[in-house]
There are 2 protein chains.
Amino acid sequence: MVLSVISPLAHFHPFIPAGGVGSRLWPLSRADAPKFLLDLTGSGSSLLRATYDRLAGLGEGPVMVVTGRTHAAAVCRQLPELSARDLVLEPSPKDSAAAIGLACMLVQRRDPEAIVGSFAADHVIEPADAFQDVVREAVAAAASGRIVTIGIPPSSPATGFGYIRAGAELGLQGAPHALQVEEFVEKPDEDTARHYVAGGKHTWNAGMFVAPASLLLRHLAASQPQLHAGLTEIADAWGTTAQDEVVDRVWPGLPKIAIDYAVAEPAAAAGDVAMVPASFTWDDVGDFAAIRRLNHVDPQTDPDVTVLGDNSRVLSDSSSGIVVSDTGRLIALIGVEDIVVVDTPDALLVTTREHAQRVKDAVASLKQRGNTDVL
Amino acid sequence: MVLSVISPLAHFHPFIPAGGVGSRLWPLSRADAPKFLLDLTGSGSSLLRATYDRLAGLGEGPVMVVTGRTHAAAVCRQLPELSARDLVLEPSPKDSAAAIGLACMLVQRRDPEAIVGSFAADHVIEPADAFQDVVREAVAAAASGRIVTIGIPPSSPATGFGYIRAGAELGLQGAPHALQVEEFVEKPDEDTARHYVAGGKHTWNAGMFVAPASLLLRHLAASQPQLHAGLTEIADAWGTTAQDEVVDRVWPGLPKIAIDYAVAEPAAAAGDVAMVPASFTWDDVGDFAAIRRLNHVDPQTDPDVTVLGDNSRVLSDSSSGIVVSDTGRLIALIGVEDIVVVDTPDALLVTTREHAQRVKDAVASLKQRGNTDVL
């Protein structure tokens with residue numbers, strides 16, 4: 001423990017940008033019940049709570065949460081130990097660069113030597129101790145003056161993720177697995193993805209990174225000066241009586257841009273990015289097929305149908321797939337294969353595993369049609 | 001009109017045995033909301049109400065309804081003009097011979113020369129005037145001293161119905177289409193059904209018949225003496241102060257048997273049965289595929305998905321089938337073909353048109369599992 005106090009971990013400040021509805025999980029996820037507030041693994045914890053616990057388990061300092069104002073109450077209910085100082089509320093969604101940039105600045109004002117870590121609120125990671133080992137290694141690598149992303153060794157040629165192309169070993173102290181990052185690449189087509197997986201140089205970009213706050217903000221200032229200036233004005237007013245006035249005036253005009261474009265890509269081009277490969281399992285719970293994967297089947301019931309909810313209220317006859325229900329209604333499936341049924345008090349989804357990725361488009365259609373009461 | 005008064009129609013007393021839950025339409029149909037109480041055609045009338053109106057339209061005397069005690073209130077709500085005298089309540093279900101036999105006896109005590117007509121409460125028949133013409137012909141044929149069934153010319157080699165094999169023309173006055181019935185045959189296999197349809201001598205047995213009450217009861221007495229004796233004891237006490245005591249004592253011990261076995265088959269063997277072919281369309285609304293057939297598609301919406309309920313609450317993307325909803329919930333279908341979704345406040349069914357006939361088995365499973373709250 002004495003060692004850890006003098007290690008870079010003493011300056012490590014993790015935060016959780018908790019934004020995004022996760023509309024591929026509608027009607028489970030809603031504007032007022034985003035994916036990160038849901039328990040999708042049957043563990044009894046929301047994804048946010050589990051993310052927070054994984055980071056708090058690193059044992060150093062508080063974990064900060066950045067979320068929308070509308071989610072403040074729900075986040076506080078799920079994280080009662082979170083102090084008001086560590087809850088950063090966005091007046092409106094402005095994409096990840098604004099949220100992460102502001103968190104960086106607020107952390108840096110507490111600790112000028114801060115090494116920040118950004119971890120999505122709605123991913124499933126196991127086991128926690130393997131995750132923490134990797135984060136410790138990333139912190140050590142970041143202490144060398146790099147933005148360190150955590151790469152997920154690909155288990156399939158997925159086309160839904162961006163990839164990270166790694167190069168030479170860096171031989172950093174405390175970070176034996178750290179590699180130079182040559183490039184971030186956009187979501188590939190399937191052939192390209194196959195090529196990436198076979199080549200062994202590419203990992204999935206899960207959007208997790210650790211970096212010195214000063215380095216991250218230097219890249220942000222260079223690539224997005226207007227955003228950086230606006231965030232600086234807000235951070236300077238934070239905690240003063242001027243905070244509300246400044247936030248309400250400046251925030252609405254901030255550019256909307258993802259941290260990938262604003263920081264990660266230019267930093268990689270400048271040779272400032274490293275990657276530590278993950279030694280844990282990771283799932284972004286991108287659709288209902290993922291929920292099926294993440295929930296263990298009760299061997300007492302039909303092994304072909306995964307139920308997230310009350311098993312005793314689901315009858316299945318010659319059917320397979322997943323049922324998600326928070327209504328307690330009796331659900332009977334007869335002769336439907338690879339089906340996805342999501343039953344909520346005001347909305348019902350019926351699709352198949354194959355089409356589960358199209359739920360996002362359906363949500364867009366509902367918005368267009370004016371069925372906003374269920375979004 | 002003068003002519004009709006002196007015709008056999010003056011002695012015609014139609015009744016409607018309204019029993020049977022229609023469990024192939026679960027979860028729309030329930031023990032306390034049987035099929036005959038539902039509006040399944042989008043007409044605004046329940047099947048019972050439509051049946052009653054078709055028969056009342058014949059213009060002769062009251063229409064009697066035989067139903068379970070538990071449905072008394074609902075039946076009275078749907079048929080406010082029904083007098084208490086014409087509502088016969090069974091304490092418990094005893095199959096069709098008991099219900100029809102009792103109705104016959106009660107009618108005969110009002111009119112010894114009664115010609116009764118029995119018409120299921122839960123079929124869809126159109127148009128009403130063609131139906132009435134056929135019934136008038138059946139009444140004329142019955143006046144010759146025959147049990148007259150109405151045969152449905154088969155539109156397909158259905159295996160879900162019994163068939164009627166007809167023989168020679170009878171040349172009866174007022175019943176030019178009446179044929180001798182040679183035999184009632186049980187539900188055939190598909191090859192046999194094809195043979196029947198090709199041969200032109202077979203019609204579907206829709207369970208509708210017209211007969212002199214005395215003839216029907218003579219056959220019942222011969223084939224089911226115990227049932228006949230029990231029903232006679234009840235009919236003798238009907239309307240007296242002893243009615244409740246006698247019904248409660250005698251009814252529970254009555255044999256459970258269908259009118260087909262108790263009367264129709266032995267009467268056919270004795271040469272006492274005739275058949276008048278239907279010149280109307282008939283549907284027994286046997287499953288959800290039938291509901292799709294019977295409900296006209298709104299051309300403004302997806303022609304591939306039939307909605308019984310609020311169209312504006314159903315979103316369909318690359319899907320086809322039928323949605324029945326009485327909840328007002330938003331229902332999204334994505335990439336599901338020939339799907340059947342039935343959404344009620346406490347139970348949800350998801351199946352396909354192909355498997356819709358198996359709903360009955362699912363209801364049996366639910367009973368066995370103890371999910372009786374939704375039956």
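Residue numbers start from 1 in every chain, and the chains themselves are labelled A, B, ... in the order their sequence lines are given, proteins ahead of strands.
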Side-chain heavy atoms of A:Thr327 within contact of B:Leu348, under 4.5 Å: no

Closest-packed option against chain B by number of heavy-atom pairs under 4.5 Å, given A:Val340, A:Ile334, A:Val342: A:Ile334

Heavy-atom contact with chain A under 4.5 Å, split by part of B:Ser325: neither

Contact winner vs chain A - B:Ser312, B:Ala332, B:Gly335, heavy-atom pairs under 4.5 Å: B:Ala332

Toward chain B: residues of residues 356-364 of chain A with heavy atoms under 4.5 Å: A:Arg358, A:Val359, A:Ala362

Inter-chain contacts: residues 27-36 of chain B against chain A, heavy atoms under 4.5 Å: none

Largest heavy-atom contact set with chain A, pairs under 4.5 Å, which of B:Thr344, B:Leu349, B:Leu315: B:Leu315

Non-hydrogen side-chain atoms of A:Val323 and B:Val350 separated by less than 4.5 Å: no

Contacts of A:Thr352 that satisfy side-chain contact (heavy atoms from CB on, under 4.5 Å) - sequence neighbours left out: A:Glu354, A:His355, B:Val336

Interface residues of residues 368-375 of chain A facing chain B - heavy atom cut-off under 4.5 Å: A:Arg369, A:Asn371, A:Asp373, A:Val374

